[in-house]
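One structure is given below, encoded as structure tokens.
Each chain gets a letter, A, B and so on, in the order the sequences are listed, and its residues count up from 1.
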Protein chains: 2
Amino acid sequence: MTEDLRQPVPTLEDVARVAGVSRATVSRVINGKRKVAAAVQETVLAAVAETGYVPNRAARSLVTRRTGMAAVVVSGSAAGPGEEADPSRALSDPFFGRVVGGFVRALRRHDVHPVLLFADTPEAEDQAVNYLRLGNVDGTLLVSTHGDDPLPGRLVEAGRPVVMFSRPARPVPVSYVDLANSDGGRLAAEHLVARGCTSLGLVSGPLDVPAARDRADGFRDRAARHGHAYVPGAADDFTFAGGEAATERLLAEVPGIDGVFAGNDLMAQGALHALRTHGRRVPDDVAVVGFDDSPVATQTRPHLTTVRQPAEEMAATMADLLVERIEDPGLPPRSVVFDPELVLRDSA
Amino acid sequence: MTEDLRQPVPTLEDVARVAGVSRATVSRVINGKRKVAAAVQETVLAAVAETGYVPNRAARSLVTRRTGMAAVVVSGSAAGPGEEADPSRALSDPFFGRVVGGFVRALRRHDVHPVLLFADTPEAEDQAVNYLRLGNVDGTLLVSTHGDDPLPGRLVEAGRPVVMFSRPARPVPVSYVDLANSDGGRLAAEHLVARGCTSLGLVSGPLDVPAARDRADGFRDRAARHGHAYVPGAADDFTFAGGEAATERLLAEVPGIDGVFAGNDLMAQGALHALRTHGRRVPDDVAVVGFDDSPVATQTRPHLTTVRQPAEEMAATMADLLVERIEDPGLPPRSVVFDPELVLRDSA
DNA sequence: CTGAAAGCGCTAACAC
DNA sequence: GTGTTAGCGCTTTCAG
């Protein structure tokens, strides 16, 4: 049996007694509401320091209807039949680590704590919606990894702020932060063309995911301006295995390919392996451009030339948008779109 | 301006009115405490369904002193000077995704929600400790990525349950779930020796991290039983770059090495690249064994033969231990140690 | 500018 | 068994 080490936690009452004022006054000082005489303020602050007082969140939450918490929902809701919904697969993409890390740090600045939720089953989805609806969190940061996800709409209906990473597949009145994905695709095309590639190919993510489609569209759009009327492509999961498989298919269709644009860095890594298997040297025979600038970009040989997403900034902006909307629920949905940047390394 | 979609959330009072009983009775039915007449029970349940009632966590928490939340703390507290403390680096190890995914799913079964906290600065560390001490969470699941971390001790002093992933570097009365790391090292040595390797080497994680040290010790121990009196080693970060750098050093010391045991899969991946750079073929010239069975193990060519940690099970066990201790704070610290398993693939 | 008092939604003694 | 009552710790009118 271990002893109970819990120490009595001081309450407002205690501080008030020490400071010789009322609870209400202490509350005002702590929340900086209304004017409080400077002298009193000082006394109270001293009492707070002396007692080591910290507000009880449950009590505060009960009356303010605010919890100081935000849900971070990772949705893997399957679009089509047979699709597996596994949000923890998203967690195994190191790029995602950059995003989540960004959330945690940004929310912390606002004194908001992230509650991690997976929406990987219908029940879990309901739970996430309810969690929001009941006010267990003040708002939601949503990362959806699948295409036509109904969750954004459901969360918005819960009547509390939601900010998404990436624009929703179907129009929903929700705030989001996104990357100009098509510009990213253009950057990649421009680079490959400038490099002298004559046979371009696309190893794309799932085309029902807006980001994947936009990247592909941007790539083809810019390729077309340089005379590439037809750019063959193969789509697959946003994973290493997906990239490898798609590349195999591409290679079967166009053996002479010399420039590949992959939907993300994990797929690019898969492409690298497939190319090597088929005896192609990168970048000499085939140039490869990835997407994200995930930590894996420097864990490949050659290092990946890739289209960078400023994930941390994007995550921080999401947090800002969310907090704004929590503070003023009347604010309309807003979108912030970041510009991608080509990071030159060795693969192209 | 968007309309406020929030709907009035029913309270106990509402349910009581609909059911024609008192709040207390409804509360009893909901919490399954004490005996309630079957007929009344039914009426209440019907009323709950009709109103769509769900308990308000803040209110409940205020009186029960329980929040239904657990902190998931990722500590990157630096041991030595000059060490960078970046928990989001841990998030970029896909193995970590397996662990966090395990936490989320296991806690969900207990109806406990995970709050993600980084202890990456002294302030953040204080915050985490306070968060626990004040009862904003019922307990903590701690993953420490650095060696001599003072956080476990501090969290335990907060007087609430803490369960660690991996045993603490210094003795602290805390529950933990661990892998028999030295057995894992033995498994690797055994396999390499059986394969006919004659010149073994170690690409180890930071030696102040117990897991890294245990793996190395186990490896050397078993190697010694097979006559390998001296096993050269190089230690570095648990990262791709760390594995690459350590392998370079090892290769400089022992050019003829033909069997390498890496501290984790990320390091093994780095080793693979370093070996290739130096013209060594894997597994023909050098056999490589990794550790973790992280998602990266199948994202290398050749695929990694590796020592598997049952991460999801370990995470689930941590959640169980934590919940047990939350429910009965008198329970002494307990440890659960899992057995590693060699997963044979192509690198060794 | 400050204090008194009410009450957020819930559980837990304590009566009946 | 079930209802009544008293708070949990905090914010917030409302007086003064």
Side-chain angles (χ1 to χ4, degrees), chain A residues 6-45 47-48 51-69 111 130-131 133-136 138 327, chain B residues 6-45 47-48 51-69 111 130-131 133-136 138 327:
Chain A
R6 256 171 270 186
Q7 288 169 23
V9 176
T11 75
L12 254 198
E13 187 72 52
D14 299 322
V15 180
R17 196 176 327 104
V18 171
V21 298
S22 74
R23 290 204 313 261
T25 300
V26 179
S27 174
R28 282 171 194 132
V29 170
I30 287 179
N31 296 299
K33 306 250 191 193
R34 293 184 131 175
K35 291 265 141 300
V36 175
V40 177
Q41 169 127 346
E42 221 166 298
T43 323
V44 171
L45 256 19
V48 167
T51 53
Y53 171 77
V54 182
N56 176 316
R57 294 175 81 108
R60 174 179 282 180
S61 167
L62 187 54
V63 38
T64 60
R65 262 76 232 297
R66 293 263 294 272
T67 61
M69 311 225 258
D111 201 34
N130 261 314
Y131 208 68
R133 192 172 59 79
L134 297 171
N136 291 327
D138 299 335
E327 260 146 33
Chain B
R6 259 172 268 185
Q7 288 169 23
V9 177
T11 76
L12 255 199
E13 187 72 53
D14 299 322
V15 180
R17 196 175 327 107
V18 171
V21 297
S22 75
R23 288 202 317 257
T25 300
V26 180
S27 174
R28 283 173 194 129
V29 171
I30 288 181
N31 297 300
K33 306 251 191 192
R34 293 183 127 174
K35 290 262 139 306
V36 175
V40 178
Q41 169 127 347
E42 221 168 298
T43 323
V44 171
L45 256 19
V48 167
T51 54
Y53 172 77
V54 181
N56 177 315
R57 296 176 79 110
R60 175 180 282 177
S61 167
L62 186 55
V63 37
T64 60
R65 263 79 228 305
R66 293 263 293 273
T67 61
M69 312 224 256
D111 202 33
N130 261 314
Y131 208 68
R133 191 173 59 80
L134 297 171
N136 291 327
D138 299 334
E327 257 144 34

Side chain of B:R23 only, please: which of D:dT2, D:dA6, D:dC14 is the nearest? D:dA6
Indicate whether OP1 or OP2 belonging to C:dT11 is found under 4.0 Å from a side-chain N or O atom of B:S27. yes
Consider the side chain of B:T25, meaning its heavy atoms from C-beta on, and name the nucleotide among C:dG3, C:dT11, D:dG3 that approaches it most closely. D:dG3
Here the distance between atom P of D:dG7 and atom CZ of B:R65, to the nearest Å, is 14 Å
Note: B:R57 and B:G68 closest approach over all heavy atoms is NH2-O, 3.0 Å
If you check every side-chain atom of A:R28, which of D:dG9, C:dC10, C:dG3 has the closest atom? C:dG3
Whole-Å distance between D:dT11 P and A:N31 CG? 5 Å
Spacing of A:D14 atom CG relative to D:dG9 atom P, expressed in whole Å: 9 Å
Quick one: closest heavy-atom pair of A:Y53 and A:V15, and the distance? CB-CG2, 3.4 Å
What one should report as the nearest heavy-atom pair of B:V44 and B:A19 is CA-CB, 4.1 Å
Using rotation axes that map the C1' atoms of four end pairs onto the next four (five pairs an end), what angle separates the end axes of the helix from C:dC1-D:dG16 to C:dC16-D:dG1, to 10°? 40°
Please report the closest heavy-atom contact between B:V9 and B:D14, naming both atoms and the distance. O-OD2, 4.4 Å
Which of these nucleotides, C:dC10, D:dC10, D:dT12, is closest to any side-chain atom of B:L12? C:dC10
Using every non-hydrogen atom in the two residues, find where A:R65 and A:D138 come nearest and quote the distance to one decimal. O-OD1, 4.3 Å
Once you round it to whole Å, what is the distance between P of C:dT11 and CZ of B:R57? 12 Å
Within the 4.5 Å heavy-atom criterion, are A:T11 and A:N56 side-chain neighbours or not? no
Gap between atoms CG and P, on A:L62 and D:dT11 respectively (whole Å): 11 Å
What nucleotide, of D:dG9, C:dC14, C:dC1, holds the atom closest to the side chain of A:K35? C:dC1
Does the side chain of A:S22 get closer than 4.0 angstrom to OP1 or OP2 of C:dG3 through an N or O atom? yes
Which is more 5' along DNA chain D, the nucleotide nearest A:I30 or the one nearest B:V63? Just name the residue. B:V63
So, for B:V36 and B:R28, which heavy atoms are closest and what is the spacing to 0.1 Å? CG2-CB, 3.9 Å
Could you state the CG-P distance from A:N136 to C:dC10, rounded to the nearest angstrom? 11 Å
Just checking B:A24: base, sugar-phosphate only, or nothing, at a heavy-atom cut-off of under 4.0 Å? base
Could you tell me how far apart B:E13 (CD) and D:dG3 (P) are, to the nearest whole angstrom? 12 Å
Could you give the CG-to-P distance, from A:N56 to C:dC10, as a whole number of Å? 17 Å
So which nucleotide from D:dT11, C:dC10, D:dG9 ends up closest to the side chain of A:R60? D:dT11
Over 12 non-hydrogen atoms of neighbours within 6.0 angstrom of CD in B:E327: yes
